[in-house]
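Structure record follows, encoded as structure tokens.
Proteins come first, then strands; the chains are lettered A, B, ... in the order of their sequence lines, and each starts at number 1. The model shown is predicted, which means the values in this text are computed figures rather than measured ones.
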Amino acid sequence: MADSGGRTLLELATLVGATIEWPIGCDEAKLGQTVVLGLETVDRANECDLTFVGNAKYARHLDSSRALAAVVSADIPLGDAARARVILRVKSADHAMMAILERFAPPIDLPPIGIDLSARVANSASIDPSARIGPGVFVGANASIGARTTLFAGVSIYERASVGADCVLHTQVSVRERCVLGNRVILAAGVAVGTDGFGYRPSADGRGIAKIPHIGHVVIEDDVEIGANSCVDRGKFGATRIGAGSKIDNLCQIGHNVEIGRCVVMSGLTGVAGSTKIGDGCRIGGGCGIADHLVIGRGVNLAARSGVMSDIPDGATWGGFPAQELRNALREIALIRKLPEWHRLLNPLLDQTKAR
Amino acid sequence: MADSGGRTLLELATLVGATIEWPIGCDEAKLGQTVVLGLETVDRANECDLTFVGNAKYARHLDSSRALAAVVSADIPLGDAARARVILRVKSADHAMMAILERFAPPIDLPPIGIDLSARVANSASIDPSARIGPGVFVGANASIGARTTLFAGVSIYERASVGADCVLHTQVSVRERCVLGNRVILAAGVAVGTDGFGYRPSADGRGIAKIPHIGHVVIEDDVEIGANSCVDRGKFGATRIGAGSKIDNLCQIGHNVEIGRCVVMSGLTGVAGSTKIGDGCRIGGGCGIADHLVIGRGVNLAARSGVMSDIPDGATWGGFPAQELRNALREIALIRKLPEWHRLLNPLLDQTKAR
Amino acid sequence: MADSGGRTLLELATLVGATIEWPIGCDEAKLGQTVVLGLETVDRANECDLTFVGNAKYARHLDSSRALAAVVSADIPLGDAARARVILRVKSADHAMMAILERFAPPIDLPPIGIDLSARVANSASIDPSARIGPGVFVGANASIGARTTLFAGVSIYERASVGADCVLHTQVSVRERCVLGNRVILAAGVAVGTDGFGYRPSADGRGIAKIPHIGHVVIEDDVEIGANSCVDRGKFGATRIGAGSKIDNLCQIGHNVEIGRCVVMSGLTGVAGSTKIGDGCRIGGGCGIADHLVIGRGVNLAARSGVMSDIPDGATWGGFPAQELRNALREIALIRKLPEWHRLLNPLLDQTKAR
């Protein structure tokens, strides 16, 4: 939600506790009243924009930026060209950015409170009067939608599913039968919750493959956010669970009966196979794959593109494929980089061996 | 569909041909009449639940489980604590689980037979009177929907597409023009069938990239199941084909003119590039990538996260990147693990070489 | 769009500038009038179909093909069996195929011009009178849809989003608030544009994770095509940009504030993390992952399944993980293949070392 507070340079400086460095010769009184119209990256900012420099790598781009002003971390040195604008010095530009982003966040149009005329809601469904049910939404029998929850256009809630309070389900989201979402859950466009798990057995005639019924469900606890087009399979029996506060990026696949702990952060295009447990507070990089029936401890850090084939103890930092302690994986990579040098050394010996 | 049969311990034991091991001192007559209310994992089961132990790794969890009873594979030894409940001994707990899951599977609400008032169906489309066309469904001109097929809310069938009998297309599925689905096909939420293949050529002015028309289609044979948000591109010309009985997991990408044989099982986040052929009965792990124009033989096993750059002969088991016979890939991994040891050996020699 | 021009062998030969090689003893006058009914692959073509051979690898399949005729690249030798049909010799069968595909491309049913009665369009939205707004489409307040643009069934356009002229947005596409699409943009089924970026910070109470507002948007320039179920996150502030003419395949993930240049081609299941810049004309293989805040130069070629951890200079060809120059990556792979041989050589030395 947008803050209705002001957006002059002085107000923003106060908001983030910044020390102001005025450009030489500028009229401080006038600049203090200058209103910031927008936020932009250093290279695209124009004369009405505020920008941010939190990394010394980007500081030189400030020299030629047209930005009205810049929020800069305390430890980043700036030359004269960069200082030809107002500099708001803060301990961490990244942290200051958060507060300023919240002030600038524009309101988002939500569907009106109530049920859109084009929505199809079963008579037996329970819709809180404060909920916002958008156009073309489907809500099945005995499903329930909590207070102040928003279902954008085209969301589909199967029978007996339960969505808590203050949730936001973007367009094209589906939640299948009997799945349970807590409060303040955010599902981005196209998220599929409660799809059948991937389990089969040889068919009775021995010539094909038969589907194993997945009679379980999915439990998504409070404050979880799931990114666009990600999928969470329902349990074979029992539940697939995503713990409170966890954040899952776009295009992730969570297999049947997976249990993800609290405040886990998982980046995009990662897959977790059936029945694996991931402990609280894990950080999982993008493009990882985690095999089935594993136990990943609490507070594990997993480097991007790891392929995990075994349990991981609490607090470990792993990477590579098959994943192992990251320092070992990195050491292997460094040694592989030496193989051409080793080859020059070993080749004569190999030739001798062959000659024998 | 749920079986209306009973769910007492004795009935379930009979269903799966189990030998019953009664806990010492229990009233067998009473327990035999006890009704199982649910199925749960060992660690989450309560006093009304039946659970399953098919892997010795999990047997110890049974000691502290609250489960009323457990189905346990014959070869798994149990201690006294575990045996403080009814044990249903079977040859394979996994196989017994299938039969019991089918008995417990709850019925799923389907849209009513007929065409929902909010569905938009072209006059020229052919909808079997026994089909279930849900709210907000779109069916284009000259498309056909077979007997007893269900289209959940928001499904979109483009013109001249054909969906066979007894299919289930979950919400948000799309099937583009002229694609053909056989009978008993199941498409999970968000599956996109018949999207244009990824083919371009330099544009006439030499400055850009022009789209190659993809005038082909997709053929999905009987008994295929495709997981949520997976994509099957249409042929450039001719068809992209998925053979009868094949099962494709969530978030898979099947390129244009790919031909997948019968009873292939493909796990999630796998991609197959254009025109590759995959033989009958292949098992493909999660996160694999298979390059274009390859021939993967029949009955090939591909380890998770393989990257295939060449043809694979019938019956082979491959893995790694670039994929090769799995035993060779595993041997390489084992030897890479030895590189630090080799480094200690070779470093003095390398220093000598450099010193010369 | 289908060309209404003829489809006799002679007309098609003229279209692509082919030299016709008649089979011995055939009635040229009659064959010249023969109409080609369809295009098919060599192994599936029947007696009314034209097929294509652009790769010597497939030439032998022509011997047993039932195809009426084949377009064959000039440098591919054919035996007598293959020549038992009309051969249209061209410089490149692949290029000739483009022109012929365009002639055969059947028309696609678009929703009628105007706004479908079941669409929900805000009063303040601006819809060009020539646009085609399909059933169940949602268009939010102050959004705009350009001339001749098609929104298929179930598309969702959030408030203040702008879609240019001559765009095609397939079913289930979503474009969130304030995102901007240029002209002739094609979005396949299920594409999600403008989803929130994946950015969090520790919550105020230090016990959880709080969402960073993403107040930016997405800019998709002219002639971009994005494949099914791909996702483009909105900028944290400023825009995520996809440059004119770029083509992105299915199931790709484009992070917040990524900037993709002009005419970039990116294959499926690839992810690009936040704020990375990709230069004009890059070719990115399938299944790649590119870390955040990197600069990928112009005209870079990236092999499939690369994992990029560092900047890449203009014009480079990279591969592997961590990605490096492809020739070095390939050399490493070749040397790893030699490790078993090295092992036999080094093992005695290692045993000696240990014995000491």
Side-chain angles (χ1 to χ4, degrees), chain B residues 118 120 136 138 140-141 154 156 158-160 172 174 176-178 190 192 195-196 198 200-201 203 207-216 229-231 233 235-239 251-253 255 257 269 271 273 275 289 291 293 307 309 321-322 328 331-332 335-336 338 341-342 344-346, chain C residues 38-41 44-45 52 55 57 94-95 97-98 101-102 104-106 108-109 116 118 134-136 152-154 170-172 186 188-190 223 225 227-229 244-247 249-251 262-263 265 267-269 285-287 304-305 321 333 336-337 339-340 342-343 346 349-350 353:
Chain B
S118 65
R120 175 65 53 105
F138 169 77
S156 193
Y158 283 43
E159 85 266 12
R160 282 172 285 164
Q172 323 294 6
S174 61
R176 279 191 43 193
E177 65 274 15
R178 291 178 283 110
T195 46
D196 288 345
F198 194 64
Y200 300 92
R201 59 176 174 77
S203 63
R207 294 170 53 197
I209 306 169
K211 184 175 174 63
I212 297 175
H214 278 68
I215 70 171
N229 289 338
S230 284
C231 309
D233 284 347
K236 192 188 289 181
F237 55 91
L251 294 172
C252 288
Q253 153 62 4
N257 293 101
L269 286 163
S275 299
H293 288 92
M309 310 284 286
F321 176 51
N328 292 340
R331 178 150 172 75
E332 281 181 10
L335 290 174
I336 288 172
K338 284 179 184 290
E341 194 182 343
W342 294 11
R344 284 189 292 275
L345 177 71
L346 292 176
Chain C
L39 309 178
E40 253 297 355
T41 53
R44 291 192 180 269
F52 300 88
N55 187 322
K57 183 175 171 183
D94 284 344
H95 279 88
M97 188 198 295
M98 304 306 131
L101 279 172
E102 279 164 11
F104 275 79
I108 295 179
D109 277 14
D116 190 278
S118 65
F152 275 96
H170 280 283
T171 185
Q172 323 293 8
I186 302 174
D223 300 301
E225 181 166 0
N229 289 338
S246 287
K247 313 295 181 188
D249 199 359
N250 299 350
L251 294 172
R262 292 170 59 92
C263 294
V265 176
S267 294
L269 286 163
R305 297 178 83 75
F321 176 51
I333 289 168
I336 288 172
R337 290 281 194 272
L339 290 182
W342 295 12
H343 183 242
L346 292 176
L349 300 175
L350 285 165
T353 311

Closest-packed option against chain C by number of heavy-atom pairs under 4.5 Å, given B:Asn257, B:Leu346, B:Leu345: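 Heavy-atom pairs under 4.5 Å are most numerous for B:Leu345.
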
Most contacts with chain C, counted as non-hydrogen pairs under 4.5 angstrom, among B:Asn328, B:Asp196, B:Asp233: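 Going by pairs under 4.5 Å, I would pick B:Asp233.
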
Please find the pair of heavy atoms, one from [X] and one from [Y], that lie closest to each other, and give the distance.
X        : Y        : result
B:Pro213 : C:Glu102 : CG-CG, 3.3 Å
C:Glu40  : B:Gly238 : OE2-CA, 3.4 Å
C:Asn250 : B:Cys231 : ND2-CB, 3.4 Å
B:Pro322 : C:Arg337 : O-NH2, 3.2 Å
C:Leu269 : B:Leu251 : CD2-O, 3.9 Å
B:Ser174 : C:Thr171 : CB-CG2, 3.3 Å

Residue selection (most heavy-atom pairs with chain B, distance under 4.5 Å) from C:Asp249, C:Asp223, C:Leu39, C:Asn55: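 Sorted descending by pairs with chain B, the first entry is C:Asp249.
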
Can you tell which part of [X] gets under 4.5 Å to a heavy atom of chain B, answering side chain, backbone, both or neither?
X        : result
C:Pro135 : side chain
C:Ile333 : side chain
C:Ala228 : both

C:Glu225 and B:Phe198: CA distance, side-chain angles, deciding distance, side chain to side chain contact (heavy atoms under 4.5 Å, CB included) verdict: CA-CA 10 Å; C:Glu225 181 166 0; B:Phe198 194 64; over 6 Å; no

May I ask you to test the [X]-[Y] pair for a side-chain heavy-atom distance under 4.5 Å?
X        : Y        : answer
B:Phe138 : C:Asp116 : no
C:Pro106 : B:Arg178 : yes
C:Ser267 : B:Gln253 : no
B:Glu332 : C:Leu339 : no
B:Lys236 : C:Leu101 : yes

B:Phe321-C:Phe321 aromatic ring centre distance below 6.0 Å: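 Centroid distance B:Phe321-C:Phe321: not below 6.0 Å, so no.
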
Within the 6.0 Å centroid threshold, strictly below: C:Phe52 and B:Phe237: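 Yes - the distance between ring centres of C:Phe52 and B:Phe237 falls below the 6.0 Å cut-off.
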
Report which part of [X] has an atom under 4.5 Å of a heavy atom belonging to chain C: side chain, backbone, both, or neither.
X        : value
B:Glu177 : side chain
B:Ser230 : backbone
B:Ile336 : both

Distance check, rounded to the nearest 0.5 Å: [X] atom [atom1] versus [Y] atom [atom2]?
X        : Y        : atom1 : atom2 : value
B:Thr195 : C:His170 : OG1   : NE2   : 9.0 Å
C:Arg262 : B:Arg207 : CZ    : CZ    : 7.0 Å
B:Ile212 : C:Asp94  : CD1   : CG    : 8.0 Å
C:Lys57  : B:His293 : NZ    : NE2   : 8.0 Å

Heavy atoms from other residues, nucleotides or ligands near NE2 of C:His95 exceed 12 (cutoff 6.0 Å):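 Counting other residues, nucleotides and ligands, NE2 of C:His95 stays at 12 neighbours or fewer.
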
Backbone N/O of B:Gly190 and side chain of C:Asn229: donor-acceptor pair under 3.5 Å: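 A pair under 3.5 Å: yes.
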
Test side chain to side chain contact (heavy atoms under 4.5 Å, CB included) applied to B:Arg176 and C:Ile108, step by step: CA-CA 10 Å; B:Arg176 279 191 43 193; C:Ile108 295 179; 4.2 Å; yes

